[in-house]
Every structure is written in C-alpha cells, then in structure tokens.
Amino acid sequence: MPLSFAKKEKEVIERLLTLSKKTVEASATLKEFFACYFEKRCDEAQGYFLSIKRIEHEADELRRGIISDIYKGLFLPDMREVIHSLTESVDKIVNKCESVSKIIDYQHPNVPDELKEKMIGQLECAVKAAESFVKAVEKLFDNLDEVQHYVVEVERFEHDEDVLEEELLRSIFGKDTPLAEKMQLKELVINIGDIVDRTEDASDILEVLLLKLAY
C-alpha cells in the first residue's frame, strides 16, 4: 500500500529515485566502455568515458539538491538522517564507476584475453545489482512488502561477483608475468568489485529506511 507524503517530500523521493537510476546508467555505460576497450574500438571507448563523467556530474548535482532539501524541514528527523545516508551511499556507487573508468583511460592496462570475459561478468553483476537496487527504491515508497525481494537480489549479485573476483585474482597471480602487471590487474578487478559492494551497502541502508517506514 502506498505511503502518504507531502508534496515537497514526494519531489525529493522522485529525485532520489532519479539518482538511484544513475547507478544503472553508470554501470551499464562502464560495461560498454570496457567492451570497446577490449575490442580496441578507441573512438567509441572515449565517448563512453566522457558519458560516465557526465553521469557522475549529474548524480553529484542530484545528491546536493536532495541533501539541501531534506534539511529544510522535510520528513521526520530520524528518516531524514537515513535518507541523507542513502543519498550519499548511492552517489558513491556512481563515483566508483567513474574511478574505474579512469583506471582504463589513464593507465591503459594490458588485460589478457582469458580474463576479459570474467571482467565483463563482474560488470554484468554490477548492472544487475543496480537494477535490483532501483526496483527496491521504487517499492520502498510504493509497496513495502516487495522491497525485501529486491534487496535479496542485490545480495545474490554481490555474491556472484565475489566468485568471479576470486577466480580472476587466482588467475592473475597464477600467471608468469611481472609483479607490477599483476598488481595493476588486481587493482582493476578489486575496484570493479567495489561497485557491487557499494550497491550492497546502499541496499543495507535501504533496509534501515524500510524498517522506519514500516513501523
């Protein structure tokens, strides 16, 4: 059953949902960026890199606006603090997408062919986790009973990514390549994994807000 909010509060909720959707946009664009980079389609890759920077800027603007508005007397005080934390947490997901894109754009790491598919798999987990997170945010202010289903989905995609991350790290350190190259690839793999970890962190905060709305 939909909850009742004042007009200004509904506007903030809509912007929070818009901000949440930036996580899907950023992670999906990052996946395409990696695909172009792996396939040496440099011109297209640069376009995706610039798109990620634009998405990050838009997310940051949304974050600032939401936080500014919630401290103008909107929502109950305890809810206000959780919405603030959730907003910051969502923005960090987009920020991490941008920082991963910079690793590729600035460092141009040499990724062996046998690792590429699993890295794309990591990014697919990031996109799917973001999509489930957005659905959870939608249901939070529409149908509380369905929120937990999507929270569990986020956790499942985070677990799937953890498995891929471990397999990649084992492959990297099992290779007969210089340590510096191994460390560079390790940094890339772990940072991709951090995108999904941050999505799960945001989902955890969402659960706290769920409890406050439910009771």
Assess the residue pair Ile205 and Leu209 against the criterion (side-chain contact (heavy atoms from CB on, under 4.5 Å)); give the C-alpha distance rounded to whole Å, side-chain angles, the decisive distance to 0.1 Å, and a yes or no.
CA-CA 7 Å; Ile205 296 172; Leu209 189 52; 5.9 Å; no
Show the numbers, then the answer: is there a salt bridge (charged side-chain N to carboxylate O under 4.0 Å, His left out) between Glu56 and Lys53?
CA-CA 5 Å; Glu56 190 280 331; Lys53 290 177 71 68; over 6 Å; no
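How far CG of Leu188 is from CG of Leu168: 9.0 Å, rounded to the nearest 0.5 Å. From Asn110, atom CG reaches atom CG of Leu185 across 7.5 Å, with rounding to the nearest 0.5 Å. In this structure, Asn191 CG and Ile104 CD1 are separated by 10.5 Å, a value rounded to the nearest 0.5 Å.
For Glu81, the side chain to side chain contact (heavy atoms under 4.5 Å, CB included) criterion is met by Tyr71, not counting sequence neighbours. Remark: Ser89 pairs with no residue by the side-chain hydrogen bond (donor to acceptor under 3.5 Å, both in side chains) rule, at least two apart or across chains. Phe34 meets the ring-ring contact (aromatic ring centres under 6.0 Å, His included) test with Phe38; sequence neighbours excluded. For Glu167, the side-chain hydrogen bond (donor to acceptor under 3.5 Å, both in side chains) partners two or more places apart in sequence, or in a different chain, are Lys118. Residues passing the ring-ring contact (aromatic ring centres under 6.0 Å, His included) test with Tyr37, sequence neighbours excluded: none. Taking Gln184 as the reference, Gln107, Pro109 meet the side chain to side chain contact (heavy atoms under 4.5 Å, CB included) condition, with sequence neighbours excluded. Not counting sequence neighbours, the partners of Ser101 by the side chain to side chain contact (heavy atoms under 4.5 Å, CB included) test are Leu30, Phe33, Phe49, Ile52, Glu98. Residues meeting the side chain to side chain contact (heavy atoms under 4.5 Å, CB included) test with Glu114, sequence neighbours left out: Pro112, Lys175.
Between Lys116 and Asp113 there is a salt bridge, since a side-chain N of the basic residue sits under 4.0 Å from a carboxylate O of the acidic one. With respect to Glu88 and Lys92, no salt bridge is recorded, no charged nitrogen being found less than 4.0 Å from a carboxylate O. The pair Arg15-Glu61 does not meet the salt-bridge criterion, since no charged nitrogen lies less than 4.0 angstrom from a carboxylate oxygen.
Among residues at least two apart or in separate chains, there is no ring-ring contact (aromatic ring centres under 6.0 Å, His included) pair with a member in residues 95-114. Applying the salt bridge (Lys or Arg N to Asp or Glu O under 4.0 Å) test to every pair with at least one member in residues 183-199, sequence neighbours left out, gives these pairs: Lys96-Asp194. Residue pairs that meet the side-chain hydrogen bond (donor to acceptor under 3.5 Å, both in side chains) test with at least one member in residues 155-165, sequence neighbours left out, are Gln122-Glu161. Sorted by first and then second residue, the salt bridge (Lys or Arg N to Asp or Glu O under 4.0 Å) pairs involving residues 123-133 (not counting sequence neighbours) are Lys31-Glu124.
Looking only at side-chain heavy atoms (C-beta outward), Val137 and Lys21 stay at 4.5 Å or farther from each other. For the pair Ser171/Leu115, a side-chain contact is recorded, criterion being any heavy-atom separation below 4.5 Å from C-beta on. With contacts defined as side-chain heavy-atom distances shorter than 4.5 Å, the pair Lys8/Glu11 qualifies. The closest side-chain heavy-atom distance from Val94 to Arg63 is not below 4.5 Å.
Between the side chain of Ser27 and the backbone N or O of Val24 there is at least one donor-acceptor pair closer than 3.5 Å. Here the side chain of Arg80 pairs a donor or acceptor atom with the backbone of Ile70 at under 3.5 angstrom. Remark: side-chain polar atoms of Ser203 are not paired, donor with acceptor, to backbone N or O of Thr199 under 3.5 angstrom.
Checked options Thr87, Leu210, Val208; the residue passing with Val82 is Val208 (criterion: side chain to side chain contact (heavy atoms under 4.5 Å, CB included)).
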